[in-house]
Structures are given as C-alpha cells and as structure tokens.
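Have a look at the structure below, then the notes.
No experiment lies behind these values; they were computed from the predicted model shown. Residue numbers start from 1 in every chain, and the chains themselves are labelled A, B, ... in the order their sequence lines are given, proteins ahead of strands.
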Number of protein chains: 2
Amino acid sequence: MSSFTTGELEVMKILWEHRELKPSQIQAKYSRRIKNAALRFQLKILLEKGHVARRRIGRAYYYKALTARQGAFKRMARRMARVYCQGSAAGLIAELIKTEKLTPDEIQQLRQLAEAKSSEKTLKKKGGKKT
Amino acid sequence: MSSFTTGELEVMKILWEHRELKPSQIQAKYSRRIKNAALRFQLKILLEKGHVARRRIGRAYYYKALTARQGAFKRMARRMARVYCQGSAAGLIAELIKTEKLTPDEIQQLRQLAEAKSSEKTLKKKGGKKT
DNA sequence: CGGCAACTGTAGTATTTTCTACATATCAGT
DNA sequence: ACTGATATGTAGAAAATACTACAGTTGCCG
C-alpha cells in the first residue's frame with residue numbers, strides 16, 4: 001500500500017538522484033537491462049499512484065518524483081524496525097552497528113554524529129520553551 | 001528472489017520470535033485478521049521456497065524458520081543502503097541517527113555501542129594473528 | 001518533401017501474490 | 001461408535017506485478 005515494489009523503488013531511486021528524466025534516460029541508468037516499454041509501464045503505475053509527475057518537453061515526457069525520498073526512507077526504516085526490532089528505531093540502529101562491517105573512521109564519525117545529536121537535544125531542552 | 005514479500009515477512013517475523021508454531025497460533029499473532037486458509041497458503045509458499053520447515057506433532061503441523069533472521073536482516077539493510085545511501089552501511093546508520101527520534105538515553109547507548117565496537121576492532125588488530 | 005530516429009500509446013500475456021470456499025481427516029470425551 | 005472441535009487438502013479466482021510486441025506520432029535534417 002504505502003511501500004514500493006522492487007521495480008517501483010528502482011525507478012524512484014533514479015528519480016531521487018536526478019531531478020527530471022525521460023524514459024530512455026531512466027532506462028540507461030536502470031540496474032539491469034530492461035525494455036523501454038516495460039520501464040514505461042512502471043512509470044505509468046507510479047503516475048497513477050501519484051508518486052511521480054511528468055511534463056512534456058518537445059516530444060518526450062520528463063518524469064520527476066513527487067513522493068519525497070525522506071518519507072519513503074522513514075517508512076522503510078519503520079517497517080524494518082517493526083519486523084526486526086519490536087518497532088524501536090534505536091534498536092534498529094544498534095543492530096546495524098553490531099552487524100555491519102564498519103571502518104574505524106566510520107565508527108568515529110558515527111560517534112561524533114551521536115554526540116552532535118545529543119547536544120542538539122540538550123540545546124532544545126534549554127531553549128525550546130520561551131523564557 | 002532473495003527478499004520476502006510483505007505477507008511472507010510477517011510470517012517469518014512471528015516464526016523468528018517464537019520457536020515453533022502451528023498455523024492457528026501464527027494466525028492469532030498475525031498483525032491483522034487473516035483467514036486460516038490464507039495463512040496456510042503463505043506457509044505453503046514459504047515451505048516450497050525452503051524458508052520454513054514443518055513437522056507433525058499430534059494432528060497438527062508445527063512450523064519453524066529455516067532462513068535465519070540475521071541473514072534476512074542483513075539483506076534488507078543492504079537493500080536499503082543501496083537505494084538510499086549509495087550502498088554504504090555507515091551512510092545508512094548516519095541517516096537513521098539524523099532522522100529518527102531518539103531519546104537522550106538511546107543516543108547515549110548508541111555512543112557506548114560505537115565505542116565498544118571501535119575498541120573491539122582495536123583488539124582484533126592487536127590480537128587477531130595467532131601469537 | 002521524404003525518411004529516419006526517438007517517443008508514445010495500447011493491447012495482450014505470463015507470473016506471482018493473496019484470498020475464499022468447501023471437503024476431508026483426526027483426536028478427545030462421552 | 002457418535003459428535004464436536006481442530007486441522008489439513010485442494011480447487012479456483014481476483015488483483016497486482018512485470019513483460020512483450022507492434023502500431024502510431026512527432027520532430028528534425030538532408
């Protein structure tokens with residue numbers, strides 16, 4: 001319902017990464033060989049569901065994403081958290097840290113990111129309510 | 001191919017959380033109302049694909065997961081990283097930290113987890129080769 | 001203008017997923 | 001052995017997904 005199929009997601013990924021493309025350009029960036037008409041059929045479905053919009057330029061339709069990347073990202077994250085981590089986002093992140101291979105540099109950056117987030121939280125707590 | 005459909009994933013989730021169940025028990029834990037025969041059909045597909053096994057106890061079949069939770073978790077993580085973060089697991093974790101709501105406590109725990117992981121890395125570097 | 005190349009439009013099909021309905025089998029207790 | 005509750009077996013069908021083939025349209029360039 002609110003989650004993309006494999007094919008839909010592949011198209012959305014490409015449209016998120018490039019502002020506006022016509023079918024043949026999407027086709028060229030597709031992860032595997034796909035016939036032009038098959039791709040256009042997926043675009044048609046995405047259009048009907050309201051996930052993309054198109055406008056004609058010259059003789060071709062150019063497609064762009066309407067559904068935001070971030071919203072889809074959060075839905076997929078929630079889904080993954082629900083299935084694997086009792087719905088906990090923190091649990092999901094923890095399991096990813098435990099199971100994914102990360103270089104020392106990457107771990108360091110994640111630590112800094114968490115620290116930044118926690119001080120941001122502190123600031124909000126102090127300055128959030130009008131004094 | 002190697003990724004579960006929505007329905008399959010829901011069943012696997014339940015089987016991962018409980019060792020071995022018969023259809024009516026899975027049905028009771030299912031996230032929404034589902035008819036017994038519909039559920040059994042999903043089990044049949046999972047059985048054919050080799051994701052679950054069953055054995056008869058009394059007059060009922062009891063099902064258990066064959067495909068490991070962790071493998072499925074990693075596949076889904078990779079898929080998500082591929083679509084949203086150029087395939088980078090660290091990028092995925094970073095984006096989750098940035099966009100998900102986390103309590104100060106959770107952030108603190110994640111920091112500790114990252115620290116633990118980085119010292120574990122250090123230990124492996126020092127002690128990995130047989131002395 | 002004539003013709004090629006690039007795109008679109010549409011119809012039809014195969015496969016997968018999901019669900020429903022109903023018939024059959026088994027066990028427990030009386 | 002009869003009955004009710006619990007399970008299984010199977011046939012069929014609706015809907016979504018994914019693909020193929022081909023005809024029609026548009027714009028450009030010689």
For residues 19-26 of chain A, which side-chain donor-acceptor pairs fall under 3.5 Å, sequence neighbours excluded?
unit_1	atom_1	unit_2	atom_2	d
A/E20	OE1	A/R55	NH2	2.9
A/E20	OE2	A/R55	NE	2.7
A/Q25	OE1	A/K22	N	2.9

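We find that A/K49 and A/E8 are joined by a salt bridge, their nearest charged nitrogen and carboxylate oxygen being less than 4.0 Å apart.
For the atom pair CD (B/E95) and CG (A/L113), the distance works out to 10.5 Å, reported to the nearest 0.5 Å. Note that CE of B/M76 and CE of A/M76 are 5.0 Å apart. Values are rounded to the nearest 0.5 Å. To the nearest 0.5 Å, atoms CG (B/L15) and CD (B/E10) are separated by 10.5 Å.
Heavy-atom contacts of chain B under 4.0 Å fall on DNA chain D between two terminal nucleotides, which in 5' to 3' order are D/dA5 to D/dG9.
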Atom pairs, N/O to N/O, protein against nucleotides 20-22 of chain C, distance under 3.5 Å?
unit_1	atom_1	unit_2	atom_2	d
C/dA21	OP2	B/K35	NZ	3.4

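Nucleic acid contact for A/R56: sugar-phosphate only, since backbone atoms but no base atoms lie under 4.0 Å from a heavy atom of the residue. Using a 4.0 Å heavy-atom criterion, one finds that B/I45 contacts the bases of the nucleic acid, with or without backbone contacts as well.
Phosphate proximity of C/dC7 to A/S24: present, with a side-chain N or O under 4.0 Å from OP1 or OP2. Phosphate proximity of C/dT18 to B/T5: present, with a side-chain N or O under 4.0 Å from OP1 or OP2.
Whole-Å rounding puts the B/L43 CG to C/dT17 C1' distance at 15 Å.
Within residues 11-22 of chain A, the residues that place at least one heavy atom under 4.0 Å from DNA chain C are, in residue-number order, A/K22.
Residues satisfying the ring-ring contact (aromatic ring centres under 6.0 Å, His included) test with A/F73, not counting sequence neighbours, are B/Y84. Take A/Q42 and apply the side chain to side chain contact (heavy atoms under 4.5 Å, CB included) test, not counting sequence neighbours, and it matches A/V11, A/Y30, A/I34, A/L39.
Proximity of a side-chain donor or acceptor of A/K117 to a complementary backbone N or O of B/I97 within less than 3.5 Å is detected.
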